[in-house]
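Order of appearance sets the numbers: ligands from 1, and atoms from 1 within every ligand.
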Amino acid sequence: MARIGFIGLGNMGLPMAQNLIKAGHAVAGLDISKSQVDKLVAAGGTAAGSINALASGADVVITMLPAGAQVREVYLGPDGVLAAAGRDTLLIDSSTIDVASARAVAAAAQDKGLAMLDAPVSGGVGGAQAATLTFMVGGSDAAFARAKPILDTLGKTVVHAGGPGNGQVAKICNNMILGVSMIAVSEAFVLAEKLGLDAQKLFDISSKSSGQCWSLTSYCPVPGLVPTSPSNRDYQAGFTAAMMLKDLKLAQDAANAAGATTPLGADAAKIYAKYVDSGEAGRDFSGIIRFVRGA
Ligand code: NAD
């Protein structure tokens with residue numbers, strides 16, 4: 001059993017913290033929203049009064065925050081995690097954030113002699129609840145070995161992607177593939193529709209041909225073809241269009257900083273920005289097919 005401090009008890013963080021409690025860990029939680037902390041306490045956790053109280057006695061601190069700004073604030077602030085954590089405390093940030101912030105916070109942790117990992121996830125709220133997340137982890141071999149048993153209780157796949165920040169790199173590259181492929185699959189179905197090819201026929205053919213991909217066979221944007229797809233539930237998220245846009249923007253920022261040319265990633269970001277601006281920020285990202293059809 002470990003003493004775990006968990007900061008950021010939102011849609012993802014709360015079920016993750018609840019799964020740590022179920023696995024027998026002592027979890028102290030912190031969130032700027034009191035109602036989220038109350039839910040953790042109701043599940044058997046405790047409420048930490050401050051970052052200092054949470055981090056100073058913890059074996060592990062896990063954060064699940066919206067973006068790089070909050071992660072920098074929570075770790076680097078004068079009363080932040082790095083100021084409070086003991087030398088043996090392992091730090092794990094599972095938020096999806098920009099690579100530069102992840103590497104800056106990891107470097108600051110290292111300067112203080114603290115082990116830190118970036119460990120963003122894929123799998124969404126359902127994966128967080130069912131403890132089937134995929135973790136993409138950046139940091140040292142030694143820190144990864146310490147974190148693995150904890151992350152194994154929260155996910156079914158835990159991959160060490162390399163040094164600090166590489167978890168975030170893996171996450172944004174994966175989601176750039178996903179954003180581009182969802183638009184490509186949507187365009188193909190809309191074109192088939194206009195040319196008189198039945199959606200079921202295209203699915204049967206492409207799912208066994210070279211067009212096969214996850215966006216087609218696991219998360220099909222056309223209703224009625226893959227029973228678990230959000231398309232069957234009026235595109236209720238799932239993974240929201242706003243989240244997809246966030247990740248595509250992170251990928252573009254990273255591509256620009258690294259001098260990489262990613263024209264399809266750039267177009268995908270523009271298309272999702274228009275979709276989000278059309279009032280569909282909270283819709284599942286596969287609803288982009290409606291936008292493609294109407295555009
Ligand atoms: P969320 O907005 O539901 O939760 C974030 C929580 O952090 C909120 O409860 C908020 O009150 C809290 N918070 C914000 N600033 C804080 C601070 N300074 N101190 C303490 N608490 C603070 O977001 P989420 O959906 O849980 O996502 C969290 C992270 O996981 C994001 O980086 C997101 O990109 C990533 N992610 C989300 C999903 C998903 O499907 N929701 C999937 C994969 C990855």
Which atoms from ligand 1 have a heavy atom of [X] less than 4.0 Å away?
{"X": "Lys246", "result": "31 (C), 32 (O), 33 (C), 34 (O)"}
{"X": "Ser95", "result": "32 (O)"}
{"X": "Lys171", "result": "43 (C), 44 (C)"}
{"X": "Gln70", "result": "15 (N)"}
{"X": "Glu73", "result": "18 (N)"}
{"X": "Gly8", "result": "7 (O)"}
{"X": "Gly124", "result": "40 (O), 42 (C)"}

Where on [X] is there a heavy atom closer than 4.0 Å to ligand 1, on the side chain, on the backbone, on both, or on neither?
{"X": "Met12", "result": "both"}
{"X": "Ala67", "result": "neither"}
{"X": "Val74", "result": "side chain"}
{"X": "Ile7", "result": "side chain"}

**OP:** Answer yes or no for Ser122: is there a heavy-atom contact with ligand 1 below 4.0 Å?
**Re:**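 The answer is no: ligand 1 sits nowhere under 4.0 Å from a heavy atom of Ser122.
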
Write out the residue and atom name of the closest protein heavy atom to [atom], then the distance separating them to 0.1 Å.
{"atom": "atom 35 (C) of ligand 1", "value": "Thr96 OG1, 3.6 Å"}
{"atom": "atom 30 (O) of ligand 1", "value": "Met64 CE, 3.2 Å"}
{"atom": "atom 3 (O) of ligand 1", "value": "Asn11 N, 2.9 Å"}
{"atom": "atom 21 (N) of ligand 1", "value": "Ile32 N, 3.5 Å"}
{"atom": "atom 4 (O) of ligand 1", "value": "Gly10 CA, 3.2 Å"}
{"atom": "atom 25 (O) of ligand 1", "value": "Met243 CE, 3.4 Å"}
{"atom": "atom 10 (C) of ligand 1", "value": "Asp31 OD1, 3.4 Å"}
{"atom": "atom 28 (C) of ligand 1", "value": "Leu65 O, 3.8 Å"}

Original post:
Which atom names give the shortest non-hydrogen contact between Gly282 and Thr240, and what distance separates them?
Top reply: O-CG2, 3.7 Å

Subject >> Non-hydrogen atoms of Leu248 and Asn175 that approach each other most closely >> reply: CD2-O, 4.1 Å

**OP:** Carefully, step by step, assess Tyr75 and Thr63 under the rule side chain to side chain donor-acceptor pair (under 3.5 Å).
**Re:** CA-CA 9 Å; Tyr75 280 91; Thr63 45; 2.7 Å; yes

Subject >> Asp253/Lys249 ion pair, N-O < 4.0 Å >> reply: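 A salt bridge is absent here (no side-chain N lies under 4.0 Å from a carboxylate O).
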
Subject >> Salt bridge Asp93-Arg72, side-chain N to carboxylate O under 4.0 Å >> reply: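 Between Arg72 and Asp93 there is no salt bridge, as every charged N stays at least 4.0 Å from the carboxylate O atoms.
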
Subject >> Neighbour count above 12 (heavy atom, 6.0 Å) for Gln110 CD >> reply: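 Not more than 12 within 6.0 Å, no.
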
Subject >> Exceeds 12 heavy-atom contacts within 6.0 angstrom, atom CG of Asp204 >> reply: yes

Subject >> Criterion side chain to side chain donor-acceptor pair (under 3.5 Å) against Asn166, the qualifying member of Lys171, His160, Arg103 >> reply: Arg103

**OP:** For the residue pair Ser206 and Gln212, confirm or rule out a side-chain donor-acceptor distance under 3.5 Å.
**Re:**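 No, because no side-chain N or O of Ser206 sits under 3.5 Å from a partner of the opposite role on Gln212.
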
Original post:
Name the one of Ser215, Cys220, Pro221, Ser186 that satisfies side-chain contact (heavy atoms from CB on, under 4.5 Å) with Ser286?
Top reply: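 Answer after filtering Ser215, Cys220, Pro221, Ser186: Pro221.
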
**OP:** Check whether any side-chain heavy atom of Ser181 sits under 4.5 Å from a side-chain heavy atom of Tyr219, and report yes or no.
**Re:** no

